Amino acid sequence: MLIKTQDKGFIHPFSSEITPERLYRRRRELIQLMAGGAAGAALATWAGREAMAQGVARPGKHAALPGGKSAVAGAVTMDKVTDYKDASTYNKFYEFGTDKADPAKNAGTLATSPWTVEVEGLVKKPARYTLEDLIKLSAQEERIYRLRCVEGWSMVIPWVGYSMAELIKKVEPLGSAKYVEFFTQADPKTMPFVGSRVLEWPYVEGLRMDEAMNPLTLLTFGMYGEVLPNQNGAPVRLVVPWKYGFKSGKSIVKIRFTDKEPKTAWNKAAPQEYGFFSNVNPNVDHPRWSQASERRIGEDGLFAKKRKTLMFNGSEAQVAQLYAGMDLKKFF
Ligand SMILES: Nc1nc2c(c(=O)[nH]1)N[C@H]1C(S)=C(S)[C@@H](COP(=O)(O)O)O[C@H]1N2
Ligand SMILES: [Mo]
């Protein structure tokens with residue numbers, strides 16, 4: 001099948017590579033091969049595969065948004081990538097309902113164009129970005145991250161975006177800026193469950209400045225080589241791979257730099273269950289269940305094994321130093 005160059009929306013200037021879902025697995029095998037020392041042979045094969053990839057289908061549901069290879073350490077996990085179908089039909093996005101199937105059914109009404117993102121607060125250069133300008137602000141990279149929900153399930157998704165740090169550098173935070181607060185869209189006209197009492201709206205999340213600056217924190221515009229489907233947080237969301245999924249706010253409209261720890265949606269709803277940091281930590285139980293293991297979406301047959309949850313969701317080498325000296329049981 002040929003690549004559809006465009007369905008609707010913008011044409012992206014990033015030509016680098018188009019990597020269809022079906023080839024992710026092979027590519028990871030190649031990466032492993034190369035790590036094992038068969039570099040020369042594998043490189044030739046890689047080039048061949050990548051060329052072949054040009055002719056094989058990406059999901060083909062949305063406009064293409066390919067990401068180049070990332071140089072950031074820890075940007076690619078080796079786990080098998082979740083099927084696009086699972087990643088786009090099993091979602092959590094309470095603005096569109098609380099059932100996992102609701103966002104895919106209901107998020108069609110989300111109006112993602114035009115879209116602007118306001119950057120304000122303790123910065124030298126506050127700005128109002130159109131989505132188009134924000135997409136072009138830095139080169140799109142592909143990152144294969146696990147997203148681990150606090151409920152005990154996980155997925156492995158090839159996200160497309162760039163480090164949040166790139167945007168932060170552009171707006172030049174003041175020395176007094178200690179936290180970054182993310183506000184997401186809350187439009188009762190297009191989001192049927194905004195106004196329901198399950199959470200306070202808008203959905204707000206936050207990071208400490210050093211967490212937001214960590215290169216793994218991804219300002220995300222796409223997945224599987226295409227722009228995000230609405231149910232996954234179009235047109236722009238955050239993905240913070242070492243934290244539980246709820247820290248990764250979807251459909252962001254405002255980013256504010258502040259000197260106070262932001263009051264986040266889940267922390268306000270149930271402070272004893274959801275702390276500000278919410279790092280993936282298998283050693284700290286949720287008050288109502290264990291966090292020691294996880295169920296990988298797409299593997300949930302009768303005999304599917306649960307997987308052991310990794311400290312910081314596998315990013316310990318990259319992020320543990322951010323929390324040196326902190327009691328991670330107290331600051332959960
Ligand atoms: N605006 C908004 N962002 C959100 C949520 C939400 O309800 N509203 N849910 C969070 C939770 S709990 C999870 S696990 C992830 C799920 O992302 P996914 O559906 O792309 O897998 O989105 C997070 N971001
Ligand atoms: Mo979640």
Side-chain angles (χ1 to χ4, degrees), residues 62 81-107 110 112 115 117 143-161 181-188 190-207 217-224 226-255 262 264-270 273-275 278-280 286 288-289 291 294-298 309 313:
H62 300 278
V81 166
T82 300
D83 283 346
Y84 182 83
K85 187 160 187 296
D86 289 324
S88 60
T89 55
Y90 189 96
N91 298 101
K92 212 166 159 184
F93 199 169
Y94 274 12
E95 289 83 337
F96 295 101
T98 52
D99 193 273
K100 295 297 178 297
D102 286 342
K105 284 190 212 141
N106 299 334
L110 176 68
T112 57
W115 192 273
V117 177
R143 308 275 184 90
I144 303 178
Y145 288 161
R146 281 179 282 267
L147 185 141
R148 207 274 195 200
C149 180
V150 76
E151 292 172 351
W153 48 269
S154 63
M155 297 198 237
V156 181
I157 297 182
W159 302 104
V160 181
E181 192 170 13
F182 299 88
F183 297 83
T184 74
Q185 176 76 305
D187 174 17
T190 54
M191 300 173 127
F193 284 77
V194 164
S196 75
R197 280 161 46 189
V198 55
L199 289 173
E200 262 182 52
W201 312 100
Y203 189 100
V204 173
E205 257 308 333
L207 293 172
T217 300
L218 193 71
L219 194 62
T220 306
F221 303 90
M223 60 186 219
Y224 300 81
E226 299 184 357
V227 298
L228 289 169
N230 289 355
Q231 59 269 32
N232 291 83
V236 55
R237 68 174 294 173
L238 211 65
V239 183
V240 191
W242 71 94
K243 291 179 181 276
Y244 291 112
F246 65 88
K247 295 296 289 182
S248 298
K250 294 174 164 181
S251 305
I252 293 168
V253 293
K254 189 164 67 179
I255 300 172
T264 64
W266 280 102
N267 184 246
K268 279 194 281 189
E273 300 192 11
Y274 310 107
S278 301
N279 292 316
V280 173
H286 182 280
R288 291 182 279 137
W289 59 79
Q291 294 290 15
E294 65 200 62
R295 183 171 63 89
R296 186 62 47 84
I297 299 303
T309 289
N313 208 16

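One-based numbering, in listed order, for ligands and for the atoms of each. The basis for the numbers below is simple: all heavy atoms, side chains too, and nothing from hydrogens, waters or symmetry mates. The structure presented is a predicted model; accordingly, all values stated were derived computationally and were not measured.
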Checklist entry - Can you list the atoms of ligand 1 that are under 4.0 Å from a heavy atom of Tyr94? => result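 Result: 6 (C), 7 (O).
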
Checklist entry - Taking only heavy atoms of Asn91, which atoms of ligand 1 are found under 4.0 Å from at least one of them? => result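 Every atom of ligand 1 under 4.0 Å from some heavy atom of Asn91: 18 (P), 19 (O), 20 (O).
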
Checklist entry - Looking at Glu151 and Lys100, does any basic side-chain N land under 4.0 Å from a carboxylate oxygen? => result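 Salt bridge between Glu151 and Lys100, a charged N being under 4.0 Å from a carboxylate O: yes.
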
Could you identify the single nearest non-hydrogen protein atom to [atom] and state the distance to 0.1 Å?
{"atom": "atom 20 (O) of ligand 1", "value": "Arg237 NH1, 2.7 Å"}
{"atom": "atom 6 (C) of ligand 1", "value": "Tyr203 CE1, 3.4 Å"}
{"atom": "atom 15 (C) of ligand 1", "value": "Gly245 O, 3.7 Å"}
{"atom": "atom 1 (N) of ligand 1", "value": "Glu95 OE2, 2.9 Å"}
{"atom": "atom 24 (N) of ligand 1", "value": "Ser248 O, 2.8 Å"}
{"atom": "atom 9 (N) of ligand 1", "value": "Lys92 O, 3.3 Å"}
{"atom": "atom 3 (N) of ligand 1", "value": "Lys250 N, 3.0 Å"}

Checklist entry - Considering Phe193, Phe246, Trp201, Tyr90, which one's heavy-atom position lies nearest to atom 12 (S) of ligand 1? => result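 Of the listed residues, Phe246 has the closest heavy atom.
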
Item to check | Whether Gln185 lies under 4.0 Å from ligand 1, heavy atom | outcome: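 Under 4.0 Å: no for Gln185.
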
Checklist entry - Does Gly233 reach ligand 1, in the sense of a heavy atom lying below 4.0 Å from it? => result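 It does not, in that no heavy atom of Gly233 comes within the 4.0 Å cut-off of ligand 1.
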
Checklist entry - What do we get for Glu151 next to ligand 1 when only non-hydrogen atoms under 4.0 Å count, side chain, backbone, both or neither? => result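 For Glu151, no heavy atom sits under 4.0 Å from ligand 1.
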
Checklist entry - Which word best sums up how the rings of Trp289 and His286 line up, parallel for under 30°, tilted for 30 to 60°, or perpendicular for over 60°? => result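 Trp289 vs His286 ring planes: parallel.
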
